[in-house]
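Here's the structure, in structure tokens; my notes come after.
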Amino acid sequence: GFLWWKTWRPKSFPPGPLAFPLVGNLLQMDFSGPLQGMKKLSEVYGPVYSMYLGSQPTVIVRGFKALKEILVVKGTEFADRPQNRLTRTVSHLKGLVVAPYGKTWKEHRRFTLSTLRNFGLGRKSMEEKIAEESAYLIQDFKKNKDTLFDPHCVINNAVSNIICSIVFGRRYDYDDSTFQDILHLVNENMKMTMGIWGQLYNAFGFIHYLPLPHQKILKNIDTVYGFLQRIVEEHKKTRTPGEPRDYIDCYLEELDKSALQGEEDNNNKKTFDNQNLSTCVADLFIAGTETTSATMEWSLLYMMAFPEVQEKCRKEIDKIRGDRTRLDYEDRVSMPYTQAVLQEVLRMASIVPLGIPHTNLKEEQLNGYTIPKGTIIITDLSSLNYDETYWKYPHEFNPENFLTEDGELRRVEPFLPFSAGPRVCLGENLARMETFLFFTGLLTHFEFHWPDPASPPDLTPVYALSQTPKHFKMCLVPRINDK
Ligand code: HEM
């Protein structure tokens with residue numbers, strides 16, 4: 001009786017498939033690609049339905065009306081994050097990405113946004129950093145002009161270098177094997193935490209000490225966080241107070257201020273501390289690397305799958321660039337086609353298909369259902385991307401989806417690749433600047449060809465927190481000879 005009760009839906013809770021005791025719906029889920037299954041369930045139960053992850057009641061939200069309600073209309077009410085064993089192990093209730101809604105998260109989000117701005121986001125210097133990295137990337141690509149080339153590692157490294165330069169004030173050469181190993185572990189964990197072993201570990205703490213695959217997840221976390229912690233410690237030794245070099249130094253300035261403030265002013269006491277610093281550094285490093293480098297890989301793959309789009313894009317790039325060596329970010333406003341292509345890549349690939357889970361601070365109403373406090377809310381952002389009511393070409397890659405009849409860029413309201421509301425992606429501007437500059441830089445210097453006409457590119461994503469393409473190899477043909 002007791003076990004059944006744990007997975008019985010409360011009165012007026014959203015409907016959903018029958019859940020088994022203890023495991024709930026976990027064993028019914030297809031962890032290699034749950035998106036299709038989630039779509040099928042919504043055809044039976046509606047845009048707001050429920051499942052049990054273990055004994056955790058979980059509500060899946062699909063479609064623009066319900067997503068807007070959760071993210072924007074009741075954005076604050078649903079702005080908390082559910083916690084589980086993995087989030088607590090990784091973040092200790094601190095940092096940015098999975099921090100609970102409240103003073104600590106707010107202060108850190110505000111601090112991070114303003115520090116990103118001070119280090120030049122929206123100004124020239126950030127753009128110059130990206131342009132500089134883009135030049136390294138182009139140089140490396142050139143070395144591979146006569147071979148079949150898998151661009152995954154260098155793209156990942158180049159993209160990561162941008163966030164590294166903001167956060168730690170340095171970049172890593174593409175042949176730095178220590179850094180490549182770290183990137184690889186982050187990559188692996190993005191897939192494993194969303195998989196069955198991550199979920200089982202969350203549901204059943206007793207497996208902690210058993211020699212099962214979740215041990216690999218925990219070991220990877222240790223290695224990556226250890227790497228980052230060493231960088232923080234090094235900063236403490238080498239900094240000059242008053243002259244911050246990067247995000248970590250700016251944070252250490254805040255710690256100095258808090259120390260001076262002393263004990264008496266408890267009400268105004270800031271939430272900055274060493275644990276928050278470590279979690280923020282890791283959050284930025286991970287969130288800033290995976291998503292954006294996946295977007296870059298997808299953009300190249302789609303350009304090879306649709307050579308006529310690649311050519312049209314390059315024409316626009318060449319026209320606007322004129323005799324300059326590269327484009328500025330500002331140029332995008334006169335480049336509707338290129339912007340539409342990058343939007344279309346975000347749509348078709350659904351980079352972060354399910355967003356990051358939200359939860360509600362107290363009982364709420366949604367679509368006529370009662371959502372008890374602390375329910376896990378999964379925002380199926382990918383559900384918007386192929387909805388026949390919003391798109392002219394819902395199931396095909398076609399930049400026209402983002403263009404008006406006159407070829408102007410079209411704003412599509414029900415398209416939320418970065419989510420919306422108080423928890424909206426903190427790196428959206430940075431990500432858009434990076435993808436625009438890297439992408440236009442690469443198309444300026446190379447033509448990309450799919451090597452095997454007999455079997456076209458496989459565009460099925462590898463399901464993860466952020467979806468990547470399957471590994472692929474490509475041919476590149478240099479276009480212009482640089483000095
Ligand atoms: C959160 C998408 C790049 C930092 C998110 C969320 C999505 C997302 C869907 C969840 C929002 C929610 O909970 O409702 C993307 C995509 C990217 C990208 C598609 C690239 C194409 C970046 C970059 C950074 C970043 C470059 C680094 C600065 C963050 C952070 C959060 C977040 C810190 C957590 C925000 C919070 O909880 O307050 N992102 N992101 N993202 N993203 Fe991004």
Side-chain angles (χ1 to χ4, degrees), residues 29-42 60 62 67 150-153 155-156 159-160 183-184 186-199 286-306 309-310 341-357 378-388 390-391 393-399 401-402 415-419 425 427-428 431-432 434-435 438-439 448 450 452 455-474:
M29 289 172 73
D30 174 3
F31 283 95
S32 60
L35 300 177
Q36 273 306 319
M38 291 171 69
K39 176 165 186 257
K40 285 212 188 84
L41 286 171
S42 81
I60 288 87
R62 292 172 55 92
L67 280 170
D150 178 345
H152 170 77
C153 290
I155 288 181
N156 209 9
V159 167
S160 192
L183 290 178
H184 175 73
V186 172
N187 221 255
E188 195 172 74
N189 263 24
M190 286 303 236
K191 297 194 178 80
M192 288 182 72
T193 48
M194 292 290 272
I196 182 79
W197 286 106
Q199 297 305 320
I286 294 166
T289 299
E290 282 295 305
T291 44
T292 314
S293 82
T295 310
M296 286 307 305
E297 285 178 55
W298 281 115
S299 69
L300 295 183
L301 194 61
Y302 273 105
M303 290 307 94
M304 290 186 287
F306 299 89
V309 175
Q310 180 180 166
V341 167
L342 290 172
Q343 290 280 75
E344 185 67 350
V345 168
L346 289 174
R347 183 183 76 88
M348 282 303 278
S350 290
I351 309 287
V352 187
L354 302 179
I356 298 172
I378 296 190
T379 53
D380 187 348
L381 304 173
S382 75
S383 67
L384 304 169
N385 296 354
Y386 322 102
D387 190 316
E388 273 130 35
Y390 309 139
W391 308 100
Y393 308 99
H395 305 295
E396 65 180 84
F397 181 84
N398 190 335
N401 277 317
F402 289 95
F415 176 56
L416 304 173
F418 295 93
S419 189
C425 173
E428 173 168 359
R432 289 197 188 274
E434 283 184 46
T435 43
F438 280 131
F439 180 74
F448 296 98
W450 186 249
D452 181 6
S455 68
D458 181 352
L459 299 166
T460 326
V462 179
Y463 175 74
L465 197 59
S466 84
Q467 303 202 103
T468 54
K470 300 190 177 124
H471 279 276
F472 63 86
K473 292 195 170 164
M474 61 187 197

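All residue numbers in this chain count up from 1 along the given sequence.
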Derivation and outcome, side-chain contact (heavy atoms from CB on, under 4.5 Å), residues F439 and T295: CA-CA 10 Å; F439 180 74; T295 310; over 6 Å; no
Who pairs with [X] by side-chain contact (heavy atoms from CB on, under 4.5 Å), at least two apart in sequence or on another chain?
X: P469; answer: E297, W298, L301, F472
X: E396; answer: Y393, N398
X: T289; answer: N156, S160, I163, L183, F285

Heavy-atom pair with the smallest gap, counting every atom of [X] and [Y]:
X: Y390; Y: L384; result: CD1-O, 3.6 Å
X: A431; Y: F418; result: CB-CE2, 4.0 Å
X: E290; Y: S466; result: CB-OG, 3.7 Å
X: Q467; Y: S350; result: NE2-O, 3.0 Å
X: T468; Y: A294; result: CG2-CB, 3.9 Å
X: S42; Y: R62; result: OG-NE, 3.2 Å

Where do V341 and Y302 land on the side-chain contact (heavy atoms from CB on, under 4.5 Å) test, with the steps shown first? CA-CA 9 Å; V341 167; Y302 273 105; over 6 Å; no
Nearest 0.5 angstrom please: [X] [atom1] to [Y] [atom2], how far?
X: N385; Y: L35; atom1: CG; atom2: CG; value: 10.0 Å
X: L381; Y: I351; atom1: CG; atom2: CD1; value: 12.0 Å
X: M348; Y: F306; atom1: CE; atom2: CZ; value: 7.0 Å
X: Q310; Y: S299; atom1: CD; atom2: OG; value: 10.0 Å
X: M296; Y: T292; atom1: CE; atom2: OG1; value: 10.0 Å
X: L354; Y: M38; atom1: CG; atom2: CE; value: 4.5 Å

Compare all side-chain heavy atoms of Y463 with those of P461 and state whether any distance is below 4.5 angstrom.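 No, every pair of side-chain atoms sits at 4.5 Å or beyond.
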Apply side-chain contact (heavy atoms from CB on, under 4.5 Å) to residues I60 and L41 and explain how you reach the verdict. CA-CA 10 Å; I60 288 87; L41 286 171; over 6 Å; no
Closer than 3.5 angstrom, by distance alone: can the side chain of R347 be matched with the main-chain N or O of P394 as a donor-acceptor pair?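 Side chain of R347 to backbone of P394, a donor-acceptor pair under 3.5 Å: yes, one is there.
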Walk me through it: do L300 and I155 pass the test side-chain contact (heavy atoms from CB on, under 4.5 Å)? CA-CA 11 Å; L300 295 183; I155 288 181; 3.8 Å; yes
Between F402 and W391, does the ring centroid distance fall short of 6.0 Å?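 Between W391 and F402, which both carry aromatic rings, the centre distance is below 6.0 Å.
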